[in-house]
Amino acid sequence: MLNILVVPYNHNYNGEKYTKRIVKYLKSEKIEFSVYFSTSFDEFKTNTHNLVQSGETEFVIVGDDIALSEFINSIKDLSKIRLGIVPTSKNDDFASYIGLETNPISAIKEILKKKIEAVDVLIMNDIKVIGNILIGASTFIQEIFNQYKIKNAISKKYAFERYANKFDGIELKIETKNQKIANANIFELSIANGGKSKGKTISPLANVNDGLFNLNFVTTPPRDNRKKYLKLFKKGEQIYNEQTKQSWQTNINITNPDNKIKVMADGKIMTVDELNVSIIENGLKLYR
C-alpha cells in the first residue's frame, strides 16, 4: 500500500494542495493508499518512523528537498524502502535534477507504474544527503539571506550583490584515504551527488547513478573576482574555469584548524567539527 507523507503546510503550502488532487485521482482509480499530514517536521519524522516500524515499505513524499531529507534521515535502513517523489515546485533541486514529473497527477501516474531506479546517497558524518554539500561563499550568503524578514528574488539578489565579494574563504584540509587533495583557503566547495542547489545547476557533471560524487572547489580569488566566480558557479560554468579543481571520489575527509565548518547539506545549514563523506551506491530505490 502507498503511504503518502505530506510536507508540513507551514513549510510548503503546495503539499496539501497537490495531495488533494492526488487523493481524488487515486480514489477514482480505486487504488489503496493512506495519507499522513503533519503540522511540523517532528510529526513528519514520527509518522515516518512509526510506519517503517509497522513494516511499511512503500512511500510517496509530496514535498521538497527538505521533506526528502527529513524522510531519509528518519529511516535507519533504506534498503527495503521504495519511494516515489511528487515535487511541490519546478525548483525542487533533487527532483528537478533527475527529471521527475512536476505535475502532481503525472507524477503519481509514473509512481504507480512502480518502475524502480536505484540512486546513490551521500553520508556526511551520520547524516544522509541525497543532493549535495556546500562549503564557502554560497553557504555564507544563504545564511545571511535566511535572516531576512522578507525573502524573495529581490532580497536574494541584494544579498548576493552585497556579500559575494566579502567572504574571505575558509582554511580547509581535504583528504581521501589515499591522497591529500588540498590544504588551502577555500572560497567555494561542493560535494555533489545531485547537481542542483537552490534552483541553480552548480555541478552539471554530477551523476546520481555512478557510485561517485563530484568534488569541485576553488581557492579564494582576489576580492574583485569573487562575485564573478560565484556567478559562474551558480550556472555550473565554473567547471570551465582553469582555477577550479574537480575530481570524482567515493570518500573524503575535510578538517579545519578551528574545528568549525559551516556547511549547507540538502539546503540545510549547520556547523560541524569536520566532514567525513562517503557514498552508498544504489542506496535509495525510487519509483520513476
Short N-O contact, [X] and [Y], less than 4.0 angstrom:
{"X": "E70", "Y": "K45", "value": "yes"}
{"X": "E58", "Y": "K114", "value": "yes"}
{"X": "E117", "Y": "K285", "value": "no"}
{"X": "E143", "Y": "K262", "value": "yes"}
{"X": "D65", "Y": "K196", "value": "no"}

Paired with V62, the side-chain contact (heavy atoms from CB on, under 4.5 Å) test is passed by just one of N12, I108, T88, namely T88
Using side-chain contact (heavy atoms from CB on, under 4.5 Å) as the criterion, point out the one residue from L212, V121, N193, I252 that pairs with I279. N193
Point-to-point distance, once rounded to the nearest 0.5 Å, from [atom1] of [X] to [atom2] of [Y]:
{"X": "F217", "Y": "F233", "atom1": "CZ", "atom2": "CZ", "answer": "13.0 Å"}
{"X": "K156", "Y": "I144", "atom1": "NZ", "atom2": "CD1", "answer": "13.5 Å"}
{"X": "K27", "Y": "I22", "atom1": "NZ", "atom2": "CD1", "answer": "13.0 Å"}
{"X": "F187", "Y": "T244", "atom1": "CZ", "atom2": "OG1", "answer": "11.0 Å"}
{"X": "Y97", "Y": "T201", "atom1": "OH", "atom2": "OG1", "answer": "7.5 Å"}
{"X": "L189", "Y": "N132", "atom1": "CG", "atom2": "CG", "answer": "11.0 Å"}

Taking [Y] as the starting point, is it possible to reach [X] by hopping between hydrophobic residues whose side chains are less than 4.5 Å apart?
{"X": "L286", "Y": "L2", "result": "no"}
{"X": "V35", "Y": "I61", "result": "no"}
{"X": "L51", "Y": "L78", "result": "yes"}
{"X": "V208", "Y": "I191", "result": "no"}
{"X": "L122", "Y": "F94", "result": "no"}

Taking atom types as modelled, is there a side-chain donor on [X] or [Y] under 3.5 Å from an acceptor on the other?
{"X": "E188", "Y": "S138", "answer": "yes"}
{"X": "N259", "Y": "E274", "answer": "no"}
{"X": "R21", "Y": "Y25", "answer": "no"}
{"X": "N146", "Y": "Q142", "answer": "yes"}
{"X": "Q249", "Y": "S247", "answer": "yes"}

Taking it one step at a time, do K228 and N225 satisfy side chain to side chain donor-acceptor pair (under 3.5 Å)? CA-CA 5 Å; K228 181 179 179 181; N225 291 336; 5.7 Å; no
Verdict with supporting geometry, L5 and F59, side-chain contact (heavy atoms from CB on, under 4.5 Å): CA-CA 7 Å; L5 293 161; F59 294 89; 3.8 Å; yes
Contact between [X] and [Y] at the side-chain level, heavy atoms closer than 4.5 Å - yes or no?
{"X": "L284", "Y": "I72", "result": "yes"}
{"X": "R223", "Y": "D168", "result": "yes"}
{"X": "V263", "Y": "M270", "result": "yes"}
{"X": "L275", "Y": "I135", "result": "yes"}
{"X": "L26", "Y": "L112", "result": "yes"}
{"X": "L83", "Y": "L68", "result": "yes"}
{"X": "N3", "Y": "F33", "result": "no"}
{"X": "V60", "Y": "I85", "result": "no"}

Considering residues, nucleotides and ligands other than [X], do more than 12 of their heavy atoms fall under 6.0 Å from its [atom1]?
{"X": "K227", "atom1": "NZ", "answer": "yes"}
{"X": "K157", "atom1": "NZ", "answer": "no"}
{"X": "K235", "atom1": "NZ", "answer": "no"}

Do you know which two heavy atoms are closest between [X] and [Y], and how far apart they sit?
{"X": "T102", "Y": "S89", "value": "CG2-O, 4.4 Å"}
{"X": "E101", "Y": "S106", "value": "OE1-CB, 3.6 Å"}
{"X": "K198", "Y": "D93", "value": "N-OD2, 2.7 Å"}
{"X": "E16", "Y": "V6", "value": "N-CG1, 3.8 Å"}
{"X": "I66", "Y": "K268", "value": "CD1-CG, 3.4 Å"}
{"X": "R226", "Y": "A164", "value": "CB-O, 3.7 Å"}

Any side-chain to backbone donor/acceptor pair from [X] onto [Y]? Under 3.5 Å, distance only.
{"X": "T139", "Y": "L134", "value": "yes"}
{"X": "N152", "Y": "I154", "value": "yes"}
{"X": "N251", "Y": "T176", "value": "no"}
{"X": "D120", "Y": "G283", "value": "no"}
{"X": "N47", "Y": "N50", "value": "no"}
{"X": "N256", "Y": "E171", "value": "yes"}
{"X": "T219", "Y": "I186", "value": "no"}
{"X": "N207", "Y": "L205", "value": "no"}
{"X": "D77", "Y": "S79", "value": "yes"}
{"X": "D266", "Y": "I130", "value": "yes"}

F41/F44 aromatic ring centres below 6.0 Å: yes
Apply side-chain contact (heavy atoms from CB on, under 4.5 Å) to N241 and Y229, showing your working. CA-CA 9 Å; N241 186 295; Y229 186 86; 4.1 Å; yes
Less than 6.0 angstrom from the centroid, inside 45 degrees of the normal: does K151 satisfy that with respect to the ring of Y148? no
Checking I123 against K128 for the side-chain contact (heavy atoms from CB on, under 4.5 Å) test, could you report, in this order, the C-alpha distance in whole Å, the side-chain angles of both residues, the deciding distance, and whether it holds? CA-CA 5 Å; I123 303 293; K128 300 180 185 75; 3.7 Å; yes
Does the pair Q246 and N214 meet the rule for a side-chain contact (heavy atoms from CB on, under 4.5 Å), with working shown? CA-CA 7 Å; Q246 186 169 217; N214 179 233; 3.2 Å; yes
